Amino acid sequence: MSKSVLLKYISIGSVAACGYLAGIQTERYKNVLPQNNLNLKNMPGLPIFGTVSAATSFSPVPVPDQSLASATNALELKSTGNRIAQIMKYGFPGLDNVRSFSDYVLSYDRRNRVAHWVFEHLTKDSVKYNEAVDRSKCDFKPDESIHKYFRSENSDYKKSGYDRGHLAAAGNHKFHQQHVEETFYLSNMAPQVGRGFNRDAWNKLEKHVRNLTKIYANVYCCTGPLYLPKKENDGKNYVKYEVIGANHVAVPTHFFKVVVGELSNGSLEMEAYVMPNQVINDNIPLTSFQVPPDSVERAAGLLFFDNLSRSKISKINGKKN
DNA sequence: TTTAATGT
């Protein structure tokens, strides 16, 4: 059985993706979320435009023509290397330091010591209970494939007050023990508020995404950090975030998830979420965190599902497109 | 059910 040999490191020159345009949202966000009625005005710095992305698509990995209706043949695909093409079927959000694992793909931000994005392809089979897979056997481990200058270490998180929060969730990779173990590289972690966020509201969003596999034959999920500007007392916008540990690992202000579900008849539906990296009241419904996908693209400097015309998506955030 | 830190 192939092991780390499978871990290909695709070194692609960094692409300066500067899609962020400031100055649209002017309302200042509060440090503590309101108890109810959370809306876009509480996501300051998330630029809301009326348009959708129209950039050209590009994929460094050839995507096979045949329809990949289900991943029941995941092992076979893994051995052929087609798994990456399957995960990235709808395009790469960006091309900075792309690293592929057996069941997810990651783009690494060396400056912040946190990924730009991770990409996963979920099916019923990848999220269903599997007695052969045991999360408790997994250890958080530094990703040695990343230069030591840019790598995060367990010591950076220790006593920081933050969880080592998975971007590609461990619970999404239950098909094989190796899959879940590979989600424990620190390159897949970000400093997350533990109680009230990672273990609560964010966990609830991750479960929601897993549950989408009951509706859709294929679920494609992109997750990453955001560093959103906030208006200070002088009336100007600043991006401010904490860094932790000797390696100055960035603490994102927010996290995003953009998900596309593919029904067995081929029709496609999208959901996009942004959550602040804060204690979030349990009563706030997930739908309160839904945002227009292009606002996340502009804030993150990424283009999601760029191989897919937005006009082919029948629903966005539950509304007809 | 899934998250994860802390302290012995």
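Worth knowing before you read on, the calculation uses all heavy atoms, side chains too, and leaves out hydrogens, waters and symmetry mates. This structure is a prediction, so every number in the text was calculated from the model and none was measured.
For the pair A:Val279 and A:Arg195, the minimum side-chain heavy-atom distance is 4.5 Å or more. Taking the side chain as every heavy atom from C-beta outward, A:Asp143 and A:Arg99 approach each other to under 4.5 Å.
In summary, the side chains of A:Arg110 and A:His147 do not present any donor paired with an acceptor at a separation below 3.5 Å, with no hydrogens or angles considered. Between the side chains of A:His166 and A:Glu206, no donor-acceptor pair is found at a separation under 3.5 Å.
Rounding to whole angstrom units, NZ of residue A:Lys137 and P of B:dT2 are separated by 15 Å. Atom pair A:Gln192:CD and B:dT2:C1' shows a separation of 13 Å (rounding to whole Å applied). A straight line from CE of A:Met189 to C1' of B:dT3 spans 11 Å, rounded to a whole angstrom. Taking atom CG on A:Asn172 and atom P on B:dT3, their separation rounds to 8 Å, with Å as the unit. The distance from atom NE2 of A:His173 to atom P of B:dT2 is 14 Å, rounded to the nearest whole Å. Atom C1' of nucleotide B:dT2 and atom CG of A:Leu167 are separated by 16 Å, given to the nearest angstrom. Atom C1' of nucleotide B:dT1 and atom CG of A:Leu205 are separated by 16 Å, given to the nearest angstrom. Nucleotide B:dT3 holds its C1' atom 8 Å from the CG atom of A:Asp200, rounded to whole Å.
Nucleic acid contact for A:Lys174: sugar-phosphate only, since backbone atoms but no base atoms lie under 4.0 Å from a heavy atom of the residue. Residue A:Gly194 is out of contact with every strand shown, counting any heavy-atom pair closer than 4.0 Å.
For A:Lys214, the side-chain contact (heavy atoms from CB on, under 4.5 Å) partners two or more places apart in sequence, or in a different chain, are A:Asn211.
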Protein-nucleic acid N or O pairs under 3.5 Å, nucleotides 5-8 of chain B:
unit_1: B:dA5; atom_1: OP1; unit_2: A:Arg164; atom_2: N; d: 3.1
unit_1: B:dA5; atom_1: OP1; unit_2: A:Arg164; atom_2: NE; d: 2.9
unit_1: B:dA5; atom_1: OP2; unit_2: A:Arg164; atom_2: NE; d: 3.4
unit_1: B:dA5; atom_1: OP2; unit_2: A:Arg164; atom_2: NH2; d: 2.5
unit_1: B:dA5; atom_1: O4'; unit_2: A:Arg199; atom_2: NH2; d: 3.3

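The stretch residues 158-171 of chain A participates, sequence neighbours left out, in these salt bridge (Lys or Arg N to Asp or Glu O under 4.0 Å) pairs: A:Asp163-A:Arg199.
Judged by atom type and distance alone, A:Asn198 does not reach the base of B:dT3 through any side-chain donor-acceptor pair under 3.5 Å.
If you chain together hydrophobic residues whose side chains sit under 4.5 Å apart, A:Tyr149 and A:Tyr185 fall into the same group.
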